[in-house]
Amino acid sequence: SSAIKVITEHVSKMKDTEIIGDPLEVNSSMKEQEEEKLNQFVDAIYNSLNNLKFLSKERSMKEFKGIGASEGISIGKVMLFIEEEMNIPQEKISEVQVGTEIEKLLDAQKKSKLQLISIRDKVKEKMGEDKAAIFDGHIMLLEDDDLMDEVKDKIKAEKMAASRALDEGVNEYCEMISQLDDAYLREREADLKDVGKRWLKNILGIRMKDLSNLDPETVVVAYDLTPSDTAQLDLKNAVGFITEIGGKTSHSAIMARSLELPAVVGVKDALKEMADGASIVMNGEVGEIIIEPDAEILKDYTEKREAYLKEKEELKKLIDEEAVTADGHKVELWGNIGSPEDIDAVLEAGATGVGLYRTEFLFMNSDHLPTEEEQYKAYRVVAEKLQGKPVTIRTMDIGGDKELPYMDLPKELNPFLGWRAIRISLVKQDIFKTQLRAILRASAYGQVKIMYPMVTSINEVRKANEILDECRKELDEIGKKYDK
C-alpha cells in the first residue's frame, strides 16, 4: 500500500547510517487493515524514526551561535545530557493514601537535603565558600514552609499524589518568580526548578544523572545545566559545556567562569541538531560552535587554543606587576571572598586587596550566631594575610534567599527587597554590635574598611555609624585595640 511505501522511502534515506536504538518490526498483516488504522500505524513508525539518534558515517559540518558565557577554546566530542522523562501520576488518591503520600514528600525532602549538603561541601572544596553558598540557598528553598504547606494542602484537599502536588506547587511558584521585574531575581526561577526536580525525582525513585565520570575531552550538551549539575562535572575530562537556555548571569555560567571551563549558552535546538560522539570545536568567549569541523577549521581552532593557553601563561608572569595605564594611572585589582579560606587564591592571582568580604557565610555555615571571638579570628586572619593591603568587610547580608535556621525571620511577599541586611542589623543591635566590635578589633592588624549592605536611605547609614561609635567606646573602656 501507499502507507508501506512511505516507510520504505523513509528507511531508504538512511543509507550509510548506523541506527542507535531497538529494531522496529513491521507486520505485513497490517496491509489488510483499514486505511485509517494503517495510517495511524505509519505515523507512529515515522515519529519513532524521527526520534532516533543517527550516527552518520558522513556527517556534515554545522555551525551554531550562542551566548559566550565563559571564555576559552574547546576541542572534543559531544556528549548529550538528556534527563530521563518523569511520569507524574495524574489520578486522584484515596483518603487512606494521604498519610503515605505526605510521608513520601517528607522522606524525599530529607534525601534531597543530604544530597545538596554533599554537593555544597564538594563545591566549597573546589571553588570556595562563595560558590558553595548557592547550595545553601537551594537548601532554604527546599525547606520553604510556604511551599511545603501548599503542597501538603494539594495532597489533603485535592487528593493529589505527592509527585503531582509538588510539581504543581513548584510550577506555580516559578510562574510568580518569572513575573518579577528584576532580571537577577528572575534567574532564581532556575534554582527553584533545580530544587524541585531533585525533590520530585527522589519521590519517584529516579536516580539523578551523573556527570562526575566522563570520557576524555567531553563537551557536555544539555537543555540546561543546574548548579548541582555543574558542581559535579568531571573537571579532568570535561572541556566545556553547551546549553539551549540560560544567560551570562545564570548560576551555571557563573560557576563555569569560576572553574575556567569554556561555556556557550542559549544555543537553540542543540540537543536536536547535535549527535553523541560528534566532533566539536567552540569558542566560549564569542559563543561560536562548529560540529564536525573540517581539517582546516580544526587546525585553526587548535592554533587558537594554543594561543589562548599561551596568553594565560604569559599573563601569569604579570601577577606581581602593578596594573598601570599607558598614561600612568594605577588600577587596583581586588578579589572577593566569602571566608578566610578564600584569601590564598586571591593573593595567588595577584590581587592588591579584597573588594568585598561577604561575612554572611560565617553565619550561614554555623548552627549558632558566631561569637565576637569567632568573628574576630575570621576577620583578623584575612587582614594579616593581606599585609597592609585593603579589605572591605561587609556586615551580614541576611534575608532574601539567605536565611539562618537559628533566626526566626518573618515570611514576606518579596523578601529580597524587604526586611534584610542593614535593616535586620539596625533592629537586632546586639548581633550588629557583636560583629562591628569584631571588625574593629581586626582592624588593628591591617587596612580594614566596613560596608553596610542593601542601604535604602541616608538615615540607615547615620544610624549604623552611631552604633559603630558606641562599639568604639565599648572597646576603649575595656582596653581593646583597634585602628582609630
Side-chain angles (χ1 to χ4, degrees), residues 123-133 254 257-260 311-366 370-397 425 432-453 464-465 468-469 471-476 478-484:
V123 172
K124 181 179 177 181
E125 186 179 336
K126 286 195 290 187
M127 288 179 271
E129 193 81 54
D130 194 3
K131 301 300 180 292
I254 292 168
R257 291 192 288 273
S258 295
L259 296 167
E260 297 187 350
E311 183 184 21
K312 284 187 69 175
E313 289 303 312
E314 287 296 314
L315 288 173
K316 286 180 182 178
K317 297 177 182 178
L318 302 176
I319 281 176
D320 296 322
E321 298 292 327
E322 287 190 337
V324 183
T325 62
D327 61 352
H329 178 73
K330 185 178 178 181
V331 178
E332 297 293 346
L333 299 176
W334 294 353
N336 293 345
I337 64 173
S339 76
E341 289 78 18
D342 297 339
I343 189 63
D344 290 334
V346 168
L347 292 172
E348 286 169 10
T352 55
V354 170
L356 180 61
Y357 185 165
R358 297 181 174 94
T359 63
E360 55 269 19
F361 300 132
L362 295 174
F363 293 78
M364 292 167 67
N365 293 327
S366 175
T371 65
E372 180 179 326
E373 202 62 28
E374 287 172 334
Q375 293 187 63
Y376 162 65
K377 289 177 181 176
Y379 308 147
R380 173 179 169 173
V381 69
V382 172
E384 286 181 326
K385 286 193 173 184
L386 284 169
Q387 297 181 343
K389 298 183 180 76
V391 51
T392 300
I393 301 178
R394 185 176 71 186
T395 58
M396 68 169 193
D397 180 14
S425 294
F432 192 34
K433 292 179 82 170
T434 296
Q435 182 169 35
L436 291 177
R437 284 195 301 268
I439 296 172
L440 284 170
R441 289 171 60 193
S443 71
Y445 299 90
Q447 189 185 155
V448 175
K449 302 176 183 181
I450 297 177
M451 177 190 290
Y452 302 134
N465 283 339
L468 181 63
D469 286 338
C471 292
R472 289 193 179 102
K473 291 175 183 176
E474 291 171 6
L475 292 178
D476 287 337
I478 60 175
K480 294 287 185 180
K481 63 179 182 177
Y482 61 94
D483 181 12
K484 299 184 180 183

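As the structure is a computational prediction, the values presented were derived from the model and not from experiment.
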Are E372 and I439 side-chain neighbours, meaning at least one heavy-atom pair lies under 4.5 Å? no
Quick one: does I337's side chain get under 4.5 Å of V382's, heavy atoms only? yes
Can I get a per-line list of side-chain donor-acceptor pairs under 3.5 Å for residues 444-451, giving both atom names and the distance, sequence neighbours left out?
unit_1 : atom_1 : unit_2 : atom_2 : d
Y445   : OH     : Y376   : OH     : 3.4
Y445   : OH     : R380   : NH1    : 3.4
Q447   : NE2    : G388   : O      : 3.1

Crowding at CD, E474 (>12 non-hydrogen neighbours, <6.0 Å): yes
T434/T371 under side chain to side chain contact (heavy atoms under 4.5 Å, CB included): CA gap, chis, key distance, verdict: CA-CA 7 Å; T434 296; T371 65; 5.8 Å; no
When every non-hydrogen atom of P340 is compared with those of A378, the smallest separation belongs to CG-O, 3.5 Å
In a check of side chain to side chain contact (heavy atoms under 4.5 Å, CB included) between W334 and each of T352, V346, V354, which one passes? T352
Mind checking the CZ-OG1 spacing from R394 to T392? Nearest 0.5 Å is all I need. 11.0 Å
I'd like to check R472 versus R437 (side-chain heavy atoms, cut-off strictly below 4.5 Å). Are they in contact? no
State, with a plain yes or no, whether a side-chain heavy atom of Y379 is found less than 4.5 Å away from one of Q435. yes
Drop me the distance from R358's CZ to T395's OG1, to the nearest 0.5 angstrom. 13.5 Å
With a 4.5 Å cut-off on side-chain heavy atoms, are E373 and R441 touching? yes
Can you confirm whether more than 12 heavy atoms, excluding those of K433, are under 6.0 Å from its NZ atom? yes
Straight-line distance of E321 CD to L315 CG, nearest 0.5 Å: 12.0 Å
Closest approach of A351 and G335, non-hydrogen atoms and distance? CB-N, 3.9 Å
Interatomic distance, L362 atom CG to E360 atom CD [nearest 0.5 angstrom]: 9.0 Å
Around atom CD of E260, are there more than 12 heavy atoms of other residues, nucleotides or ligands at under 6.0 Å? no
Can K480 be said to sit on top of Y482's aromatic six-ring, NZ or CZ under 6.0 Å from centre and within 45° of the ring axis? no
Any salt bridge (charged side-chain N to carboxylate O under 4.0 Å, His left out) involving residues 333-356? Give me the pairs, sequence neighbours left out, ordered by first then second residue. D344-K385
Is K473 paired with D476 through a side-chain N to carboxylate O contact shorter than 4.0 Å? no
Within-4.5 Å side-chain heavy-atom neighbours: L386 and L347: yes
Any chance you could measure D397, atom CG, to S425, atom OG, to the nearest 0.5 Å? 9.0 Å
Between atom NZ of K317 and atom NZ of K312, what is the distance when rounded to the nearest 0.5 Å? 15.0 Å
